[in-house]
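Down below is the structure, laid out as structure tokens.
Not measured: the values here are computed from a predicted model.
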Amino acid sequence: MLVWRDIPAYFASMFIRQVKKKNTKSGKIFFQYQLAQASRIEGKVKQQSILYLGSEPLLADTENRKMLLGILQAKIFGQSMLFTGDYPKSIHELAERYFEKFQIKYKDIAIEESVSIPPVKNKAQLETIDVNSIGVEDSRTFGGEHLCSQILEKLDFAHCLDSLGFEQKEIELAHISIISRALFSASEYKTTQYLRDNSELKRMFGFGDENEQISHYSLYRIADKLYDKKDLIDKLLYKKLTGLFNIKDSLVIYDLSNTYFEGRKANSTLARYGRSKEKRNDCKQVVFTGVINAQGFIRYSRIYEGNTPDVSTLEDMIKDLKTHSDTISYKVVVMDAGFASEENLQYLTRQNLKYVCVSRKQIKNYHINQNASVYTVKDKRDNPIELQVFAPEGFSDTWMYVKSEQKRVKEQSMADKIFTRFEEELISLSNGLDKKGTTKKIEKVWERIGRLKEKYRLVSGKYTIEVFAKNGIANQVTWQKKESEKTSQIDYGVYFIRTNFDKSNEIQLWNVYNTVREVEATFRCLKTDLQLRPVHHQKDERIESHLYLAILAYQLVNTIRYMLKQRGITSDWRNIVRIMNTQSIQSIIFKNETKKFCVRKPSKPIKEALDIYQATNTKSMVPDRKEYVVYH
């Protein structure tokens, strides 16, 4: 008979649970049965399975289950039970078989001293095992996946998709797709291989059945659906990000980049030849723009044809800004020179927007006003940068003179290299006039000079070139750098920043302009860390989905990096992934005389990974998952 101890926190009762199952191949419905226990622990009712009863056909009948439960409880707790003589023999035999299995499973537990079967979790579970049977199986990467899934949970991304009509399986697949892009940065086909062979990610989101593989087609479909809801997702996600980090959203940093294609893309509307930032003028490309805040989060983005000029995209950006903001008045637009045409600057002013940008125009041989203050700041390498605000004639806005010593050295070096190459080509051409077999007709010599001037057009206009000839045959080429160009080196390292702020000073303008570095870091992360380039997709709609998936992955990556920066951890994303991949999860297998045990357990994170978990306020471990087989 069970002895009830004076432990008021626990109360236990047993029942037989019927579980509905479906064969994934045949679609056939069947039932499995478990002996389960409901325990009231500290005022809360919790259920746990005690003994697996299989798919015994006799248990399909409710009365049979009641009779079996009564016999089992009596045997387990050593109680005598009256009126069981009328029970069918088959029920008694079944109860005897299950009780024997129960005794094997719980042979080391004093039943008369236990109110909870199995014992409550705060008690150690001790087993005698064969150490020679210990093995490790199915080891997979875990740390990066565990971190990213918790960050998406903080962003409430599942609720966002649920509110947009995504089904549960689609939400899980969207999480897998975004995290995969952040961690693996691979094609959809290659991603399925990572999910199948290397990563714990799909199991974390309920795709644990080996028969339930994720195909690259399913990744295509979920990316397409995410892009279909792009505007709503961008709005909800950005609102969550600004709320989570209490971001004051006043700066609007705008820039444009492009990525090239592999293949001809003959039927593509988006793929066009254009000015490539990667210098891949041999490949078609697609243009994408981003509106980014000072913390590096993307407010929204657009995709354009590959030959779209920078200046033509600004009005679209302002329209999107109005759609995604409560008000746009007096926001500050920070942009590079590519967008800063006079027409665009006037348009921003008419929209009651402030701007800070690099001037497309230069004021040659400008000298700073010696009677006004000159501010000097230092760059990251401790090089001096001179700043001075002034108001040039013919312009209604404010300009700031900027002279960077590091930029001067770089531009001087580049110019010297081009000058040297141009002069070497001219020397080679002139010396060739004395050699046999060289074209010497004056018309042909001028053609060669014309090709050289086109090749070195950045410097060729700074020279005066003459060709001497006799009877139409050239015999000498001379050149000389123009006098006005000999003193033009004063412009190296100098550029100008423009703004329509009514009252502005050097330090304020410099700090605002330097937020454009966030755009550079964003596009660098997209292209390098997330491997946005090159694009291999053939269909335009798939190209758009591919780019948008990378942007969602970037939002996840930047959330993690922003949280780490606040705690002084400045590692780039690839290094963060390397650190987190040191934490794996594996199945530990061991046996004793009557059972085979399998414990699915993650490894403890190294110090660097633990620092990342702590900085992002996420958990470093998950509970062990234990399974075992009882031998009959």
Side-chain angles (χ1 to χ4, degrees), residues 144-145 148 151-152 155 157 160-161 173-192 194-195 199 201 216 218-231 233-234 237-238 241 255-262 265 268 270-271 276-278 280 283-293 296-304 306 518-562 572-574 576-577:
E145 292 87 337
C148 288
I151 296 299
L152 282 180
L155 295 176
F157 194 65
C160 168
L161 297 184
L173 195 56
H175 281 71
I176 291 171
S177 187
I178 293 168
I179 295 173
S180 295
R181 170 61 64 177
L183 295 178
F184 314 139
S185 303
S187 68
E188 283 77 2
Y189 185 77
K190 192 75 173 179
T191 296
T192 61
Y194 278 110
L195 294 173
S199 173
L201 182 58
H216 60 287
S218 61
L219 295 178
Y220 286 152
R221 287 192 293 271
I222 196 61
D224 291 343
K225 186 160 185 177
L226 287 169
Y227 183 74
D228 288 341
K229 303 289 186 180
K230 173 183 178 297
D231 289 342
I233 292 174
D234 283 349
L237 185 57
Y238 189 75
L241 285 166
D255 205 356
L256 171 152
S257 191
N258 46 51
T259 184
Y260 63 89
F261 293 96
E262 293 287 354
K265 297 291 186 296
S268 173
L270 288 174
S276 171
K277 294 183 183 293
E278 287 94 16
R280 290 301 305 266
C283 298
K284 290 183 178 181
Q285 64 180 24
V286 63
V287 169
F288 61 96
T289 61
V291 175
I292 302 165
N293 68 12
F297 293 108
I298 299 176
R299 181 193 288 270
Y300 53 86
S301 60
R302 270 196 183 227
I303 299 169
Y304 292 93
E518 288 297 337
V519 176
E520 297 170 359
T522 296
F523 288 142
R524 184 166 56 249
C525 179
L526 279 168
K527 291 182 176 181
T528 304
D529 293 343
L530 301 180
Q531 296 185 13
L532 190 65
R533 60 185 179 190
V535 180
H536 297 276
H537 294 289
Q538 300 300 314
K539 298 179 180 179
D540 281 356
E541 58 270 22
R542 197 56 41 78
I543 294 166
E544 293 168 333
S545 300
H546 168 81
L547 295 176
Y548 185 57
L549 183 65
I551 287 171
L552 287 176
Y554 168 79
Q555 297 283 58
L556 168 62
V557 169
N558 195 60
T559 301
I560 295 171
R561 293 198 65 212
Y562 181 74
D572 62 70
W573 178 243
R574 288 295 102 195
I576 293 170
V577 172

Between [X] and [Y], is any pair of side-chain heavy atoms under 4.5 Å apart?
X	Y	answer
I176	T191	no
F261	I543	yes
L195	F184	yes
K284	S268	no

Rounded to the nearest 0.5 Å, what separation is found between the [atom1] atom of [X] and the [atom2] atom of [Y]?
X	Y	atom1	atom2	result
I178	L226	CD1	CG	5.5 Å
L256	Y304	CG	OH	8.5 Å
F157	L552	CZ	CG	5.5 Å
E541	L270	CD	CG	9.5 Å
N558	I551	CG	CD1	12.5 Å
E188	S177	CD	OG	7.0 Å

Report the residues that fulfil salt bridge (charged side-chain N to carboxylate O under 4.0 Å, His left out) with [X], sequence neighbours left out, ordered by chain and then residue number.
X	answer
R181	none
D529	none
D255	none

Checklist entry - side-chain contact (heavy atoms from CB on, under 4.5 Å) between L526 and L547: does it pass, once the steps are laid out? => result CA-CA 9 Å; L526 279 168; L547 295 176; over 6 Å; no
For [X] and [Y], work out which heavy atoms get closest and say how close.
X	Y	answer
G306	Q285	O-NE2, 2.8 Å
R561	I576	CG-CD1, 4.0 Å
L201	E145	CB-CG, 3.7 Å

Please confirm whether the backbone N or O of [Y] pairs with a side-chain atom of [X], one donor and one acceptor, at under 3.5 Å?
X	Y	answer
Q555	I298	yes
K265	H537	yes
K230	S301	yes

Please list, chain by chain and in numerical order, all residues satisfying side-chain contact (heavy atoms from CB on, under 4.5 Å) with [X], sequence neighbours excluded.
X	result
D228	none
T559	I151, L155, L241, F245, F297, M563
A182	A553, L556, V557, W573

Next on the checklist: I need the single residue from L173, L549, D224 that forms a side chain to side chain contact (heavy atoms under 4.5 Å, CB included) with L219. Which is it?
Outcome noted: L173
Checklist entry - Is the closest basic N to carboxylate O distance between D234 and R299 below 4.0 Å? => result no
Checklist entry - Do Y554 and F523 have their ring centres less than 6.0 Å from each other? => result no
Next on the checklist: For the NZ atom on K229, are there more than 12 heavy atoms of other groups (residues, nucleotides or ligands in this structure) within a distance under 6.0 Å?
Outcome noted: no
